[in-house]
Amino acid sequence: MRKSLGWAELACALLAVIGAVACWNAGVRTTEFPAVPDVSPAYSGTFYSGSWIALAALAVIVAGLLMVDGVRRLASK
């Protein structure tokens with residue numbers, strides 16, 4: 001029973017990492033601006049959404065805790 005719960009926690013940790021990557025990608029948006037003749041060169045701007053980045057950080061923390069506990073359950077007798 002303990003080992004199966006450990007494997008389940010590791011699987012959930014993997015899902016949390018995948019969710020963290022998805023949240024991070026949703027939180028970063030890059031926009032390209034064309035050059036305006038005689039005024040400014042072309043440039044790109046990056047917008048970071050704090051709520052998506054915070055959710056990604058929370059998912060990484062949860063994944064880390066699940067991994068530690070899952071490995072502990074698998075390593076114990």
Side-chain angles (χ1 to χ4, degrees):
M1 175 68 183
R2 281 184 100 128
K3 297 217 185 263
S4 63
L5 186 57
W7 286 113
E9 286 180 336
L10 290 178
C12 288
L14 178 63
L15 291 175
V17 168
I18 292 170
V21 170
C23 288
W24 185 272
N25 288 336
V28 179
R29 186 175 64 218
T30 302
T31 305
E32 301 291 330
F33 296 98
V36 177
D38 298 329
V39 178
S40 67
Y43 65 96
S44 64
T46 304
F47 173 76
Y48 296 97
S49 175
S51 58
W52 282 109
I53 301 296
L55 187 59
L58 179 65
V60 167
I61 291 169
V62 168
L65 291 173
L66 285 170
M67 285 177 57
V68 167
D69 193 50
V71 169
R72 180 193 62 85
R73 286 182 191 270
L74 290 174
S76 67
K77 290 187 176 188

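Listed by chain and residue number, Ser49 satisfy the side-chain contact (heavy atoms from CB on, under 4.5 Å) test with Ser51 (two or more places apart in sequence, or in another chain). Remark: Asn25 engages no residue in a side-chain hydrogen bond (donor to acceptor under 3.5 Å, both in side chains) (not counting sequence neighbours). When the side-chain hydrogen bond (donor to acceptor under 3.5 Å, both in side chains) test is applied to Arg29, no partner is found at least two apart in sequence or on another chain.
Cluster partners of Val39, using a side-chain heavy-atom cutoff of under 4.5 Å among ILVMFWY residues and allowing indirect links, are Val36. Summarising the hydrophobic clusters (Ile, Leu, Val, Met, Phe, Trp, Tyr; side-chain heavy atoms under 4.5 Å, direct or chained), the residues clustered with Leu14 are Ile18. Members clustered with Trp24: Val28, Tyr48, Ile53, by chain and number, using a 4.5 Å side-chain heavy-atom cutoff among hydrophobic residues. Grouped with Tyr43 in one hydrophobic cluster are Phe33, the linkage being side-chain heavy-atom contacts under 4.5 Å among Ile, Leu, Val, Met, Phe, Trp and Tyr residues.
Taking all atoms of both residues into account, the shortest heavy-atom contact from Leu55 to Cys23 is CD2-SG, 3.6 Å. Summarising the geometry of Ser76 relative to Lys3, their closest heavy-atom pair is O-NZ, 3.4 Å, with the distance given to 0.1 Å.
Leu74 and Val71 fall within the same hydrophobic cluster, defined by Ile, Leu, Val, Met, Phe, Trp and Tyr side-chain heavy atoms under 4.5 Å apart, directly or through other members.
For the atom pair CD1 (Ile61) and CG (Leu66), the distance works out to 12.0 Å, reported to the nearest 0.5 Å. To the nearest 0.5 angstrom, Leu15 atom CG is 11.5 Å from Leu10 atom CG.
Sorted by first and then second residue, the salt bridge (charged side-chain N to carboxylate O under 4.0 Å, His left out) pairs with a member in residues 6-15 read Glu9-Arg73; sequence neighbours excluded. Identified under the side chain to side chain donor-acceptor pair (under 3.5 Å) test for residues 52-64, with sequence neighbours left out: none. Contacts classified as side chain to side chain donor-acceptor pair (under 3.5 Å) and involving residues 55-68 (residues at least two apart or in different chains) are not found.
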